[in-house]
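As structure tokens, the structure follows; a few thoughts come after it.
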Amino acid sequence: MTSEIVIIGGGVIGLAIAIELKLRGTNVTVLCRDFQAAATHAAAGMLAPDAENITNEAMLSLCWRSRALYPDWTRKLEELTGLNTGYRPCGILAPVFEEAGGRGDEGAGGAGGEKLILSSPSSPSSPAYWLNKEAIHQYQPGLGAEVVGGWWYPEDAQVDNKALAHVLRTAAESIGVELKDGITVEGFLQQQGQVVGVQTNAGIIRATHYVLASGAWSNELLPLPVVPRKGQMLSVRIPEFAPDLPLKRVLFGQNIYIVPRCDRLVIGATSEDVGFTPNNTPDGIQKLLQAAIRLYPQLKHYPIQEFWWGFRPATPDELPILGTSHCQNLTFATGHYRNGILLTPVTAALIADLILEQKPDPLLADFHYSRFQSQPSTSTPMLTHSANFSNGHHTAISPLPIQDSPLIIAGKTFQSRLMTGTGKYRSIEEMQQSVVASDCQIVTVAVRRVQTKAPGHEGLAEALDWTKIWMLPNTAGCQTAEEAIRVARLGREMAKLLGQEDNNFVKLEVIPDLKYLLPDPIGTLQAAEQLVKEGFAVLPYINADPMLAKRLEEVGCATVMPLASPIGSGQGLKTTANIQIIIENAGIPVVVDAGIGSPSEAAQAMELGADVLLINSAIALSPNPAAMALAMNLATVAGRLAYLAGRMPIKDYASPSSPLTGTITS
């Protein structure tokens with residue numbers, strides 16, 4: 001199918017953008033994987049830029065602008081649908097306990113015994129008022145005895161988040177937005193800086209323009225630093241005859257908020273870095289209830305009504321990612337974290353303006369994805385491909401004194417026959433120095449470890465000069481073919497984000513065996529077949545199995561990569577006979593991968609006729625990685641040269657080096 005604009009993500013952000021675009025005359029399709037799992041359900045609908053005490057100026061401006069849009073925006077939605085969004089400009093009360101620091105203490109210190117004092121407002125249009133202990137307990141009866149004062153933010157508001165989500169979906173349907181549920185987007189299809197389609201569980205879907213609004217799941221499609229933050233929530237029912245005056249105002253406390261609705265109180269929310277782990281937990285609910293009862297004690301008598309959870313999309317700086325992307329026809333609207341509901345109307349307006357009028361609002365510059373892409377380190381020289389030592393200085397390798405054909409993988413030519421990795425180094429600097437010393441042109445990168453910023457992989461994407469090095473994304477950590485296919489797609493996008501637009505390489509690893517780390521031949525073949533169909537240059541890591549190697553070549557793999565011995569073992573060549581058979585029968589390059597521990601073993605592998613070596617652990621775990629990288633480089637060249645020259649015959653008896661004729665005798 002083809003649509004004018006496809007929006008990936010059916011939460012409130014995606015739906016609001018779709019409605020805005022549709023009302024401006026475009027045809028829009030929204031792809032939604034699971035409406036019930038959206039971040040909308042981890043929210044309470046507070047519109048609270050002041051109560052949140054946002055300190056980033058650009059973020060505060062964005063939030064204020066969005067809050068100002070809410071009255072007209074919700075009115076328009078209610079007119080379209082005849083439904084109520086639950087929008088209420090009710091203000092928010094932020095009680096402070098005695099030990100609390102910050103704004104509460106400052107206000108309390110200046111109270112002077114008066115019941116109400118106007119504090120220095122956050123802005124002239126967004127005032128904040130300090131209430132001392134007597135005033136706040138009069139203003140909102142029923143607060144906990146430990147509350148010593150609080151801030152009143154009259155401009156903050158609330159909306160019923162679940163009602164809003166229902167209204168947005170109803171509005172989208174009523175104006176002709178195409179909503180496709182149960183659609184999981186598996187990857188982007190890109191060509192020459194354009195998205196040409198999205199691969200989904202229902203086939204390829206194409207459009208003229210694409211919007212990524214998939215929240216916490218964005219990181220599964222593109223290498224964006226967006227991770228899920230699980231939020232647990234619950235509600236209690238307000239009894240018909242509550243013992244005290246009912247709660248009329250939103251309470252924004254320390255790590256807790258209580259939002260009154262017509263017949264219930266909404267209590268939230270935890271913030272947990274547990275990935276996509278579902279369900280409520282006793283610990284999470286207990287913490288919420290303890291904090292809520294401390295703030296508003298009488299709710300301990302209210303019957304519990306409901307528990308739920310959701311996944312907020314968090315970025316490292318807790319600010320959203322908005323605006324243009326690395327592709328001309330792909331726009332980002334993700335990473336809203338705690339403020340997705342608040343920022344929905346302004347996000348919809350800004351993204352629609354950007355797409356339809358090509359007029360980026362100046363404010364978008366502060367939320368561009370490029371803010372997470374730091375410059376390469378200048379403390380260590382980048383790759384120059386002249387990394388061999390002579391008397392302690394770098395000099396280029398002399399041309400081989402024998403004719404050699406170039407190394408060609410998937411139509412791309414390389415001079416170096418040594419690939420290296422980026423894992424297991426003690427520091428980024430040691431990795432950089434080793435890559436330089438190895439004189440390699442291909443460096444393999446574990447997509448999952450870069451994405452999760454695993455120890456030793458923080459900043460890895462920026463640590464090398466990718467204009468000089470060809471990235472080989474690998475699917476390390478994948479235990480099934482399905483996982484490997486998804487990570488391969490992500491790796492291709494990572495290479496494109498780093499400027500390698502035509503990089504379709506992937507080192508395919510499918511390893512369910514966590515003890516011996518042996519690759520799964522069946523899963524590897526299945527994944528390879530699918531990835532070849534999707535246009536990847538597949539470099540599969542395999543046992544030294546000649547039959548599997550030939551089958552992988554037949555399905556279209558760019559190389560085969562048999563192991564010399566188990567990964568990281570340093571045992572050297574334990575599969576020599578099988579590797580020789582693979583080399584003899586192969587019509588594609590053979591890369592000896594895993595287990596090489598010393599330069600002599602590297603040279604031996606090349607003497608067998610291997611086309612390339614991939615060496616990581618032997619370099620990274622050496623006491624002097626850069627020196628070992630140089631040694632491996634020299635050994636690779638020496639082994640290749642020896643293979644081309646041809647070795648002398650092996651004899652069963654001695655043969656003198658000097659002739660016996662013409663010798664002097666007594």
Worked verdict on Arg33 versus Glu220 for salt bridge (Lys or Arg N to Asp or Glu O under 4.0 Å): CA-CA 13 Å; Arg33 62 187 294 165; Glu220 295 189 351; 3.6 Å; yes
Can you list the steps and then say if Ile19 with Leu77 is a side-chain contact (heavy atoms from CB on, under 4.5 Å)? CA-CA 10 Å; Ile19 291 168; Leu77 291 172; 4.2 Å; yes
Give a yes or no on whether the backbone of Gly215 and the side-chain of Thr334 come within a donor-acceptor separation of less than 3.5 Å. yes
At what distance, to the nearest 0.5 angstrom, does OH of Tyr210 lie from OG of Ser325? 12.0 Å
Flag if over 12 foreign heavy atoms under 6.0 Å of CG, Asn201: yes
Salt bridge between Asp50 and Arg67, side-chain N to carboxylate O under 4.0 Å? yes
Answer whether the closest heavy-atom distance between the side chains of Thr29 and Ile5 falls below 4.5 Å. no
Arg492 and Asp502: salt bridge (Lys or Arg N to Asp or Glu O under 4.0 Å), yes or no, with the steps? CA-CA 9 Å; Arg492 180 163 60 181; Asp502 59 339; over 6 Å; no
Quick one: side chain to side chain contact (heavy atoms under 4.5 Å, CB included) partners of Leu69, sequence neighbours excluded? Pro345, Val346
Less than 4.5 Å apart, side chain to side chain, heavy atoms only: is that true for Thr208 and Asn329? no
I'd like to know if the side chain of Gln232 and the backbone of Thr281 have a donor-acceptor N/O pair within less than 3.5 Å. yes
Sorted by chain and number, sequence neighbours left out, ring pair (Phe, Tyr, Trp, His ring centres under 6.0 Å) with Phe276 holds for Trp217, Phe311
Measuring from atom NE2 of His336 to atom CG of Leu322, what distance do you get when rounded to the nearest 0.5 angstrom? 5.0 Å
Across all chains, not counting sequence neighbours, the ring pair (Phe, Tyr, Trp, His ring centres under 6.0 Å) partners of Phe505 are Trp470
If you round to the nearest 0.5 Å, how far is CE of Met494 from CH2 of Trp466? 7.5 Å
Closest approach of Thr347 to Ala333 (non-hydrogen atoms, all atoms of both residues): CG2-CB, 4.1 Å
So, Glu155 versus Ser126: side-chain donor-acceptor pair below 3.5 Å or not? no
Spell out, as yes or no, whether a donor-acceptor pair under 3.5 Å connects the side chain of Thr444 to the backbone of Leu472. yes
Under 4.0 Å between a Lys/Arg side-chain N and an Asp/Glu carboxylate O for Arg371 and Asp317? yes
Check step by step if side chain to side chain donor-acceptor pair (under 3.5 Å) holds for Thr26 and Glu4. CA-CA 7 Å; Thr26 59; Glu4 195 169 347; 5.5 Å; no
Would the distance check show the side chain of Asn219 and the main-chain N or O of Val227 forming a donor-acceptor pair, the cut-off being under 3.5 Å? no
Between Ala488 and Val506, what is the shortest heavy-atom contact and its length? CB-CG2, 3.7 Å
Does Tyr257 reach the side chain of Leu251, with side-chain heavy atoms less than 4.5 Å apart? no
Between Leu539 and Ala558, what is the shortest heavy-atom contact and its length? CD1-CB, 4.3 Å
Is any NZ, NE, NH1 or NH2 atom of the basic residue among Asp361 and Arg65 found under 4.0 Å from an Asp or Glu carboxylate oxygen of the other? yes
Can you find a heavy atom in the side chain of Thr200 that is under 4.5 Å from one in the side chain of Ile204? no
dist Leu224:CG -> Ile321:CD1 (nearest 0.5 Å) comes out at 5.0 Å
Going by the rule side chain to side chain contact (heavy atoms under 4.5 Å, CB included), which residues pair with Asp366 if we only count those two or more places apart in sequence or in a different chain? Ala58, Leu363
Rounded to the nearest 0.5 Å, what separates atom CZ in Arg75 from atom OG1 in Thr85? 10.5 Å
Does a side-chain N-to-carboxylate-O contact under 4.0 Å join Lys507 and Glu509? yes
Has Arg206 got a side-chain atom pairing as donor or acceptor with Val196's backbone, closer than 3.5 angstrom? yes
Glu318: side chain to side chain contact (heavy atoms under 4.5 Å, CB included) partners, not counting sequence neighbours: Tyr337
Whether Glu534 and Arg489 form a salt bridge (side-chain N of Lys/Arg under 4.0 Å from carboxylate O of Asp/Glu) is what I want to check. yes
Under the rule for salt bridge (Lys or Arg N to Asp or Glu O under 4.0 Å), what residues qualify as partners of Asp353, not counting sequence neighbours? Arg24
More than 12 heavy atoms of other residues, nucleotides or ligands under 6.0 Å from CD of Glu357: is that the case? yes
For Glu20, is there an ion pair with Lys76 - N to carboxylate O distance below 4.0 angstrom? yes
How would you list, by chain and number, every residue that makes a ring pair (Phe, Tyr, Trp, His ring centres under 6.0 Å) with Tyr87, sequence neighbours excluded? Tyr70
Taking the side chain as C-beta and beyond, is there a heavy-atom pair between Leu23 and Ile175 under 4.5 Å? yes
Atom of Ala527, atom of Val510 and distance for their closest heavy-atom approach: CB-CG2, 4.4 Å
Residue pair Pro223 / Leu497: nearest heavy atoms and the distance that separates them: CG-CD1, 3.0 Å
Pairs touching residues 329-345 that satisfy salt bridge (Lys or Arg N to Asp or Glu O under 4.0 Å), sequence neighbours left out: Glu52-Arg338
Indicate yes or no: at least one non-hydrogen side-chain atom of Val443 is less than 4.5 angstrom from one of Met471. no
According to salt bridge (Lys or Arg N to Asp or Glu O under 4.0 Å), who are the partners of Glu173, at least two apart in sequence or on a separate chain? none
Leu508 vs Phe536 side-chain heavy atoms within contact, under 4.5 Å: no
Qualifying salt bridge (Lys or Arg N to Asp or Glu O under 4.0 Å) pairs with a residue from residues 469-485, counting only residues at least two apart or across chains: Arg448-Glu483
Nearest-0.5 Å distance, CG of residue Asn503 to NZ of residue Lys412: 8.0 Å
Looking at side-chain heavy atoms only, is the closest gap between Val28 and Ile17 below 4.5 Å? no
On a heavy-atom basis, which atom in Ala481 and which in Gly523 lie closest, and how many Å separate them? CB-O, 3.5 Å
List in chain and number order the residues that pass ring pair (Phe, Tyr, Trp, His ring centres under 6.0 Å) with Tyr369, two or more places apart in sequence or in another chain; answer none if no residue qualifies. Phe332
Mark yes or no for whether Asp156, through its side chain, and Ile92, through its backbone, hold a donor-acceptor pair below 3.5 Å. no
Using side chain to side chain contact (heavy atoms under 4.5 Å, CB included) as the criterion, list what pairs up with Cys63, not counting sequence neighbours. Pro49, Ile54, Met59, Leu342, Leu343
